[in-house]
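These values consider heavy atoms only, across backbone and side chains, with no hydrogens, waters or symmetry-generated copies. Computed from a predicted model, the values in this text were never measured in an experiment.
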Amino acid sequence: MRRFRLDLLGGFSLATSEGAALSLATRKDRQLLAFLALQGGRAQSRERLASLLWADRAEAQARDSLRQSLAALRKIFRAAGTNPLAGDKTTVALDLSEVAVDAIEFAEGCAATLLGRDIAELYRGPFLDGMDASTPEFDRWAVQERARLDGLAERLVTAASISVLPEADRDGAIRLGQKLLSQDPSLESVYRALMRMSQARGDRAAALKLYATCRSVLRDELGVEPDRDTEDLYRDILTGQGGATHPGGVSPAASATTAIAIQVHDDRPSIAILPFRNLTGNDRLNFLCEGLAEEIATGLGRFRSVFVIDQYSSAAVAAVTSDTAEIARRLGVMLLVHGSIQASMSRLRITVRLVDGASRAQIWSDGFECETGEAMAIPQQIAAAIIMTIQNRMEDTIAEQSRRNPSPAAYECVLRGIKHLRGYAPDDNEKATELFREALRLDPDLALAQAYLVFAEVVSNDYDAAPRSILLDCRARMERALSLDPEDGRIRWLLASVHGLLREFDDERRHIERALQINPNDANARATYGAILADAGQSDEGIAMIREAMRLSPFHPEWYWVLLGDAFFSARRYEDAIEAYKRRTGLKIRWLTRLVACYAHLGRDAEAREVKRRILEQDPDFRISSLRRGAWSETAIENWKDGMRKAGLPE
C-alpha cells in the first residue's frame, strides 16, 4: 500500500494514506513535486530541474534553491515515516511505489478497456488548477500536461457515450462531461457525448436542451454553427422513435412499408459537387459555374448507387471554406467534384476533378471543350464519367434522362430565379417571377422555367390562400410544362405541391413518388414525401423520410423544419413539433397557430397565451373559422383547430 496520495487534478493536495494533510511551505516545492510525480519514476537531472523552476536566477543560485526545495520535501516525507525521494549529486527521482498520483491513475484508467465511474471521478478539474504562474518553462510544461489530461477526459466522455455501461458508470461519465463544459462551454464533442448519453437513459428533453445550449454558445462566443456531426446527432435524436433501428437510423417499419425505399448512404459512395470556378475573367459566366454543378448533381442523383448531397448545402459550405478536407467533413461525404471553366477565343474549356475528401488525393480528372452555347450539354458527359469511375457501370445512360438542353442565357435566368425564390426578402418573389419570364422569352420551350414561373405565382398568391381558380390554372400550366419533360423530377415535385394545395392528395402522392423514382437523391422531394406519409398516418415512415432528406441536404432551407414539425404534429408528438417549428425564423401566423396548438395540447398555458398574443397582434381579426386548410388531412386540421380552441383563440 502506498504511503502518500498526491492529487494534482483540480488543484494540489498531498496527504498520507490515512488522510492526514501534508503542507508544503512554498509554491516551488509544490511545483517540483508535481513535475517529479508525472515523470513516471524516471530520474531527472538536477540541472533540468533548476532551469525549469528557477530559470530567472543565476545558475549557482538556481541549484541552491533546488537543494533547499528538495530538503523541504524530504523533511515533510520523513516526518510522515518514509522518504520517497531518491537521487544522487546529479539526479533526482520520486518513487511511485510510495506515492499514489491521481493524474497518473486517471491517464491509466482512460487507456483501460473498461470505463468505470471511479476513473471518471478522479478528474476533479484542470491539472494544478488555481496554482499561480511560475517560470515560462514550467508554465509551458504545465499547459501541455493540462491539455493532455483534459483531452483524455474528453475522450473518456466520448467513449462512454458509445459504450454499453452500467447506469452508475454512465452517470459518472455524464458528471465528468458536465464538469468539462463548466470549464470550457465550447467543447462541441462533449455536448455530443452528453446528448447521446441523455438519449440512452431516455431523457430526450435533456439531449435537445444540450444541443440548444451548444448552438447558442458556439454562435455567441465563436461566431460559428455546430458542425455536421452535431447537427446529424440532433436530427437523429429529434426524429428518432426510441425503438430498434438499423445502422442508418431508419426504423424497420419504415423500410418495410414506405413505397419509395428510404436509402441510407452508409454503404454507398457519397459525393458533393462544388460550384465551378470561373477562370475566364468574364463575370457573366458565373451562372455557368453554378449551372454545371447543379446539372452534374441532378444527373448523378438519378443513380441509386451514389448518395449525392443537395446543391444548396454544397454551395453553402463552399462559400465559407476552400479546404477540401474541411468541406468533405462538414458535408459528411467521401468524394468531392471540383471544376473550373476557362475561355479560349469563342470556346470554353471545362476541367473537372474527382477528389478523395479525406486524403485530398485526385481520383479522376478530365477536360472538355465546347462552344459557349453548348456548355450545358457537358454535365451529362461528366456525370457519366464519374459514375463509371465510381462503379465501372451505369444503371442507365445520362443522355436518356434529359430530353433537351437549355440555352445558357435562359438557364442563367432560371438559376438566378430559383435563388430569389428561396430567399425571404420582400421583393425576392417578384424578382424570381421576372427572371423566369425572361428565361421563357429566351427559350419558350424551357419546361423547368415554365414550372418555376407557375410555382412563383402560387407563392405570390400565398399558397393555399390563392383563389381556387388560380390554383386550377396553375395546375394546368404545370401539367403542360411536365409534358415537355416528363422525366424531370423537379417539375413533378412542383406539380405535386400544387395538387396538395388543391387537396388532390392521390395525385400529389403519385407525382412525388415518380419524382423519387427519377431522382432518389432529390432532398426536396424526400422532405415533401415524408410530410405526406406522416399526414396519411404513416408517422414513423414520414419522419424517417424527412430525416433522410436532411442528410441529403444538411444545410437545408428552413421549410424542412416546418415539414418536420407538421409530421410531428400529425403524430401528436407535440414537444418535438415545438422544437422543429421554433427552428423557423420569422414565424408568421400559419406557423404560430401550429405552435399555439402544440402548447395548448400539452397544457403549457403560459406559453400558449404568449403565442396567442403574437397571433392576435399580427391579425386582430383572426378567426379559427377562416383558417387556411393547406395540404393537411381533415384529421390533422381538426386536431389543429381543437388546439387553437384550447388556447382561447376566437372561433
Side-chain angles (χ1 to χ4, degrees), residues 158 162 188-189 191-192 214-215 218 222-236 247-249 263-278 289-290 292-341 350-366 379 382-383 385-391 519-523 526 547-557 560:
T158 299
I162 58 176
E188 194 169 353
S189 64
Y191 282 109
R192 284 197 297 270
C214 174
R215 185 174 59 157
L218 293 177
L222 302 178
V224 299
E225 296 293 322
D227 68 23
R228 170 71 186 273
D229 291 341
T230 308
E231 289 287 354
D232 281 350
L233 177 60
Y234 165 71
R235 292 181 183 120
D236 286 347
Q263 299 192 21
V264 296
H265 68 280
D266 295 343
D267 297 325
R268 293 184 285 156
S270 51
I271 191 168
I273 294 82
L274 306 183
F276 280 41
R277 295 172 59 205
N278 182 3
C289 294
E290 296 182 16
L292 288 167
E294 178 79 26
E295 288 298 300
I296 294 169
T298 300
L300 287 174
R302 296 184 174 114
F303 295 89
R304 300 179 188 275
S305 55
V306 291
F307 181 95
V308 185
I309 290 292
D310 180 77
Q311 270 304 106
Y312 184 90
S313 294
S314 298
V317 174
V320 298
T321 179
S322 61
D323 180 70
T324 296
E326 177 65 12
I327 293 172
R329 186 189 69 79
R330 290 194 187 190
L331 293 173
V333 296
M334 295 184 286
L335 303 170
L336 293 170
V337 174
H338 292 268
S340 63
I341 60 172
I350 301 171
T351 303
V352 188
R353 296 186 302 129
L354 181 65
V355 178
D356 182 275
S359 67
R360 301 183 177 89
Q362 180 171 294
I363 298 172
W364 164 87
S365 67
D366 206 345
I382 296 172
I386 291 172
I387 285 290
M388 287 188 292
T389 301
I390 293 173
Q391 279 199 319
N519 185 352
N521 289 287
D522 188 331
R526 278 193 178 272
R547 176 199 299 176
E548 184 68 4
M550 289 176 163
R551 289 186 183 277
L552 282 162
S553 182
F555 297 87
H556 52 76
Y560 279 42

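Panel note: side chain R526, backbone P520; a donor-acceptor pair is recorded below 3.5 Å. Between the side chain of S270 and the backbone N or O of M334, at least one donor-acceptor pair lies under 3.5 Å. Using modelled atom types, one side-chain atom of N521 and one backbone atom of V308 make a donor-acceptor pair closer than 3.5 Å.
One distance of note links OG of S313 with CZ of R551; it measures 13.5 Å at 0.5 Å rounding. Atom CD of E231 sits about 11.5 Å away from atom CG of D236, to the nearest 0.5 Å. Within the model, atoms CG of L336 and CG of L354 stand 8.5 Å from one another, a figure rounded to the nearest 0.5 Å.
Looking only at side-chain heavy atoms (C-beta outward), R277 and T351 stay at 4.5 Å or farther from each other. Here the side chains of L218 and D227 are not in contact, with every heavy-atom distance at 4.5 Å or above. Residues F307 and V333 fail the side-chain proximity criterion, which asks for heavy atoms closer than 4.5 Å. Y234 places none of its side-chain heavy atoms less than 4.5 Å from the side chain of M550. P554 places none of its side-chain heavy atoms less than 4.5 Å from the side chain of R330.
Summarising the geometry of S314 relative to L274, their closest heavy-atom pair is O-CD2, 4.2 Å, with the distance given to 0.1 Å. The heavy-atom pair separating T158 from S189 by the smallest distance is OG1-O, 4.2 Å. Here the closest heavy-atom approach between residue I273 and residue A297 is recorded as CD1-CA, 4.0 Å. Of all heavy-atom pairs between I327 and A318, the closest is CD1-CA, 4.3 Å.
For the residue pair E188 and T230, a side-chain donor N or O sits within less than 3.5 Å of a side-chain acceptor on the partner.
Screening residues 351-362 for salt bridge (charged side-chain N to carboxylate O under 4.0 Å, His left out) gives D323-R360 as the qualifying pairs, with residues at least two apart or on separate chains.
Salt bridge R192/D232: absent, no basic N to carboxylate O contact under 4.0 Å.
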